[in-house]
Structures are given as C-alpha cells and as structure tokens.
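A quick write-up on the structure given underneath.
Please read all numbers here as calculations on a predicted model, not as lab measurements.
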Amino acid sequence: MDKYLLLCALVIASVGAVKDFRGYRIPNWLTYSSLVGALVVRLELGGWTELRGSLVGMMFAGGIFFLLFLLGGMGGGDVKLMAAVGAWVGAAQVGTLLIMSALAGGLLATGYVLVHKRMLESLRNMVELLRHHLTEGFAPHPTLNVQQEGTLRLPYGLAIAIGTFYCVGNAFWWG
C-alpha cells in the first residue's frame, strides 16, 4: 500500500515542480487538496495508525520548511508542498524525503549560481547570512531573503520532486 501512496506523492510533487518552474508559484489548490486527500486516504486505508503516520510526515516535513520560511529563505508554496508530500509519504519515508530533497536542492542551487554567474556573490551572501543569524537570531535578513527584488530564486518544487522520486525508487526498485 505504501508504494502506491508514494506514487500519489510523486504525482503531486511533479505537478508542483512544473508549476514552480514555470511561474515560481505553487498553487494553493494543489497543496491544500493534496494535504486533505493524503489525510483522508491514509485514514480510510489504514485507520488511525496511518493517519498518525501521515500527520507525523506532514508536521515534520512542513515544520522544517516552515522554519526556513520564517528565516526568509523559503517560499510559502514550498512549505505547503512539502507538508502535503510529507503527508503522503508518511512517517516511514519523511526523513529520506527531507534528506534527498535537501541534497537535490543544494545541487540545483549550485547549478543555478554557476549558470547565472553569481558564485562569488552567493558566497558573500552566505557569509553575510551566517553573520546575521549568529548576531540577530532567527530574524530574517532585511535584504537577503526570497521577497527581495532581484533575488535569484530556485524553484524548490524541483528539489521536492527529485526527493520524492528517490523515495519512490527506493520503495519500488531498491526496497
């Protein structure tokens, strides 16, 4: 059963990735309906135990991304997409989903700064962000955040889809 729930997660993550790549927005209709759908399907298929696993996946994945959102480093659509995908993959796969999405995001970000020839600027910004958060805590940086005009934005839905694809491959081919 988990394999098929992972396929649902992959479809949702893939639609989110395409929407994010095309317009740097992940629509609420996708994230909210997917989240509710995951909770209902897991409850129907496995009762309270599956619902609990779905809630853990949603809260863990969405919670970590929400912290990044509060720091100004992540968009709200990315948070909602990760929470929805986390609800579909459940507690058993959420750690793998987060790790593989983070690795994919790091590789995509490196590619983006290389293609846009902004490596030195990005390294300076990373040092500034580190300095800011060490001295100011969790307050978003006033100028280095995803809301600023001219910021190089990575459609993180792509990284979420890649992480989800890894989970599916892990379950079908390697698991």
Side-chain angles (χ1 to χ4, degrees), residues 9 12-36 38-39 54-89 91 93-167:
I12 291 155
S14 298
V15 171
V18 169
K19 294 285 188 183
D20 201 12
F21 184 75
R22 287 185 176 168
Y24 290 97
R25 296 197 65 81
I26 300 172
N28 286 336
W29 63 261
L30 174 67
T31 56
Y32 291 137
S33 63
S34 301
L35 182 58
V36 170
L39 298 174
S54 188
L55 288 170
V56 166
M58 174 192 75
M59 304 243 314
F60 193 55
I64 288 175
F65 272 50
F66 185 67
L67 291 175
L68 295 170
F69 171 78
L70 291 176
L71 291 171
M74 184 75 56
D78 300 319
V79 176
K80 293 178 279 189
L81 181 63
M82 185 53 104
V85 171
W88 280 102
V89 303
Q93 290 277 344
V94 72
T96 304
L97 172 67
L98 283 164
I99 290 168
M100 297 314 293
S101 295
L103 288 172
L107 290 172
L108 288 169
T110 301
Y112 259 62
V113 298
L114 288 173
V115 166
H116 294 340
K117 297 180 170 107
R118 292 172 73 172
M119 183 60 84
L120 189 58
E121 176 187 354
S122 295
L123 290 173
R124 275 189 294 224
N125 289 347
M126 286 173 48
V127 170
E128 171 56 23
L129 284 169
L130 182 62
R131 185 211 56 80
H132 171 78
H133 290 302
L134 287 174
T135 58
E136 303 294 325
F138 288 109
H141 193 281
T143 57
L144 297 177
N145 60 63
V146 294
Q147 304 304 322
Q148 279 302 113
E149 197 66 34
T151 299
L152 185 59
R153 290 178 180 88
L154 173 70
Y156 209 84
L158 291 172
I160 296 169
I162 292 168
T164 308
F165 181 77
Y166 179 85
C167 290

Straight-line distance of [X] [atom1] to [Y] [atom2], nearest 0.5 Å:
X: L30; Y: R25; atom1: CG; atom2: CZ; value: 13.0 Å
X: W29; Y: K19; atom1: CH2; atom2: NZ; value: 5.5 Å
X: L39; Y: M58; atom1: CG; atom2: CE; value: 6.0 Å
X: I26; Y: T31; atom1: CD1; atom2: OG1; value: 8.0 Å
X: L129; Y: E136; atom1: CG; atom2: CD; value: 12.0 Å
X: D78; Y: D20; atom1: CG; atom2: CG; value: 5.5 Å

Might you point out which heavy atoms bring [X] and [Y] nearest each other, and give the distance in Å?
X: F69; Y: G75; answer: CD1-C, 3.8 Å
X: F65; Y: L98; answer: CE1-CD2, 3.8 Å
X: A83; Y: G62; answer: CB-CA, 3.9 Å
X: A61; Y: G86; answer: CB-CA, 4.2 Å
X: A91; Y: V56; answer: CB-CG1, 3.7 Å
X: A84; Y: A38; answer: O-CB, 4.5 Å

Task: Salt-bridge contact E128-R131 (side-chain N to carboxylate O under 4.0 Å) - done: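 Salt bridge between E128 and R131, a charged N being under 4.0 Å from a carboxylate O: yes.
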Does [X] use its side chain to pair, donor to acceptor, with the backbone of [Y] at less than 3.5 Å?
X: Y156; Y: S101; value: yes
X: H141; Y: G73; value: no
X: W88; Y: S34; value: yes

Task: Derivation of the side-chain contact (heavy atoms from CB on, under 4.5 Å) call for L35 and K80 - done: CA-CA 8 Å; L35 182 58; K80 293 178 279 189; over 6 Å; no
TODO: Take I162 and L108 through the side-chain contact (heavy atoms from CB on, under 4.5 Å) test and state the conclusion after the steps.
DONE: CA-CA 10 Å; I162 292 168; L108 288 169; 4.2 Å; yes
Student check: side-chain heavy atoms of [X] and [Y] closer than 4.5 Å:
X: P155; Y: Y112; value: yes
X: P140; Y: L71; value: no
X: T110; Y: L114; value: yes

Task: Atom OH of Y24 with >12 non-hydrogen neighbours under 6.0 angstrom - done: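 Yes, OH of Y24 has more than 12 neighbouring heavy atoms, counting only those of other groups under 6.0 Å.
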Open item on the list: Among L97, V94, L55, which residue satisfies the side chain to side chain contact (heavy atoms under 4.5 Å, CB included) criterion with F60?
Closed with: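 Of the listed options, the one satisfying the test is V94.
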Open item on the list: Between I12 and L81, does the side-chain contact (heavy atoms from CB on, under 4.5 Å) criterion hold? Intermediate values first, please.
Closed with: CA-CA 8 Å; I12 291 155; L81 181 63; 4.0 Å; yes
